[in-house]
Amino acid sequence: MALKIWLNGRLVDEADAKVSVFDHGLLYGDGVFEGIRVYSRRVFELEAHLRRLYESAKAIRLDVPMQKTELTIAVERTVEANGIVDGYIRLVVTRGVGNLGLNPFTCKDSSLFIIADKIQLYPEELYETGMKIISATTARNHPLTIPPQVKSLNYLNNILAKIEALDSNVPEAVMYNHEGYVAEATGDNVFIVRNGVICTPPVEAGALEGITRNLVIRLAKKEGLEVVEKNLTRCDLYICEEFFLTGTAAEVIGIVEIDGRTVGDGKPGPVTKLLREKFFKYAHGQRK
Ligand code: PMP
């Protein structure tokens, strides 16, 4: 069934949802976006996603052409119009149509569109068996370039790392920062368990401040587990007991091999499984 897309103030048919070749979002990757889940017909963590969207836009001096309350309604209407029960929303704000040339101020109006559809990031069986990954040689953006906290349309940095992963026949790669510390995966945040303690790199290591990451930290603490934000090295990933990734699309997924080294006993570990279960309970409404 053809989708209904929210495009600049109204729902249109998928076939009519088109943007100009002069949109700076397309010409220069000039814009911001959010990926948001729908669980049991409810838009998951919408408030947190909208906060990050407006913050990302502010950081690049981009106007979001709607107030937060209006945008909330637009997201919900798009989900409803497409009958989404469990699905995925892509909310994009581009700089809009302007002249050729980098100057963003030639773009009079930013453009906003919302897609609500299905998503399957990694094959389903990998959630049971765990996933193999590699270390990418492409470093995460230096904080003096595109700030990694800004969820911009400029993902080439991560795409190059993703290509390295796919060339190695694995679905995902860990990216390190310019100092050699773990930053994140190409679209997910990184967690390990070492000596019984859950560790994740601080946002300053070059990660997006993941909404799933923040939720998983809260859920872990609620279970009485210790969580520490600290710099991790490649060696930490090689010797940890458990390793998992978090993200809106990825949810919580165990990693069982990195760079040919087996993680733990080669299966998703007990902390990973517990947090995955707690995450789904929370997502589907049993918010205890
Ligand atoms: N890092 C990057 C680079 C991402 O694109 C994402 C989102 N796909 C994440 C981390 C995870 O963030 P969230 O949990 O908010 O989806």
Side-chain angles (χ1 to χ4, degrees), residues 29 31-39 43-57 59-60 75 86-93 115-122 127 131 133 135-136 138-143 145-165 171-177 181-192 198 200-220 227 229 232 243-253 255 272 275-276 278-280 282-283:
V32 297
F33 76 102
E34 282 296 319
I36 310 167
R37 280 264 181 185
V38 180
Y39 291 113
V43 183
F44 189 55
E45 301 286 273
L46 182 56
E47 178 72 37
H49 281 285
L50 292 186
R51 196 178 318 127
R52 188 170 67 188
L53 180 83
Y54 283 87
E55 285 174 359
S56 292
I60 67 163
V75 169
D86 292 300
Y88 183 82
I89 300 160
R90 178 56 56 97
L91 167 47
V92 182
V93 186
I115 306 166
D117 201 357
K118 302 241 165 300
I119 192 172
Q120 171 91 53
L121 188 62
Y122 306 122
Y127 287 90
M131 189 161 77
I133 60 173
S135 292
T138 307
R140 186 70 175 103
N141 282 334
H142 188 285
T145 62
I146 303 169
Q149 277 145 286
V150 172
K151 199 163 167 61
S152 84
L153 291 180
N154 232 297
Y155 257 55
L156 262 183
N157 177 229
N158 299 40
I159 289 167
L160 291 178
K162 185 84 171 182
I163 289 172
E164 289 185 55
E172 197 42 82
V174 170
M175 302 182 76
Y176 297 82
N177 65 22
Y181 292 112
V182 176
E184 59 182 349
T186 67
D188 318 312
N189 290 109
V190 168
F191 284 82
I192 62 166
I198 299 171
T200 189
V203 172
E204 307 86 77
L208 183 76
E209 191 169 358
I211 287 158
T212 321
R213 169 189 186 272
N214 290 349
L215 173 61
V216 163
I217 291 173
R218 285 205 315 273
L219 293 174
V227 184
E229 292 185 45
L232 300 176
F243 185 169
F244 59 93
L245 304 179
T246 67
T248 295
E251 300 170 314
V252 178
I253 186 161
I255 301 301
T272 308
L275 291 175
R276 187 169 158 72
K278 294 289 166 193
F279 172 80
F280 281 115
Y282 184 89

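One-based numbering, in listed order, for ligands and for the atoms of each. Residues take their numbers from the sequence shown, with the count starting at 1. All values below were derived from every heavy atom in this structure, side-chain atoms included, with hydrogens, water molecules and symmetry-related copies excluded.
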>> Salt bridge or not between Glu209 and Arg52? Use side-chain N to carboxylate O under 4.0 Å.
In response: no
>> Please enumerate all residues that pass side-chain hydrogen bond (donor to acceptor under 3.5 Å, both in side chains) together with Arg51, with sequence neighbours excluded.
In response: none
>> Heavy-atom contacts with ligand 1 below 4.0 Å: which residues, ordered by chain and residue number?
In response: Arg52, Lys151, Tyr155, Asn158, Glu184, Thr186, Gly187, Asp188, Asn189, Leu208, Gly210, Ile211, Thr212, Gly247, Thr248
> What is the ring orientation for Phe191 with Phe244, classed by angle as parallel under 30°, tilted 30 to 60°, or perpendicular over 60°?
Replying inline: parallel
> Hey, is Glu34 close enough to Arg90 for a salt bridge, meaning N to O under 4.0 Å?
Replying inline: no
> Would you say the side chain of Met131 lies within less than 4.5 Å of the side chain of Leu245, judging by non-hydrogen atoms?
Replying inline: yes
> Only one of Asn158, Asn157, Leu153 forms a side-chain contact (heavy atoms from CB on, under 4.5 Å) with Tyr155, so which one is it?
Replying inline: Asn158
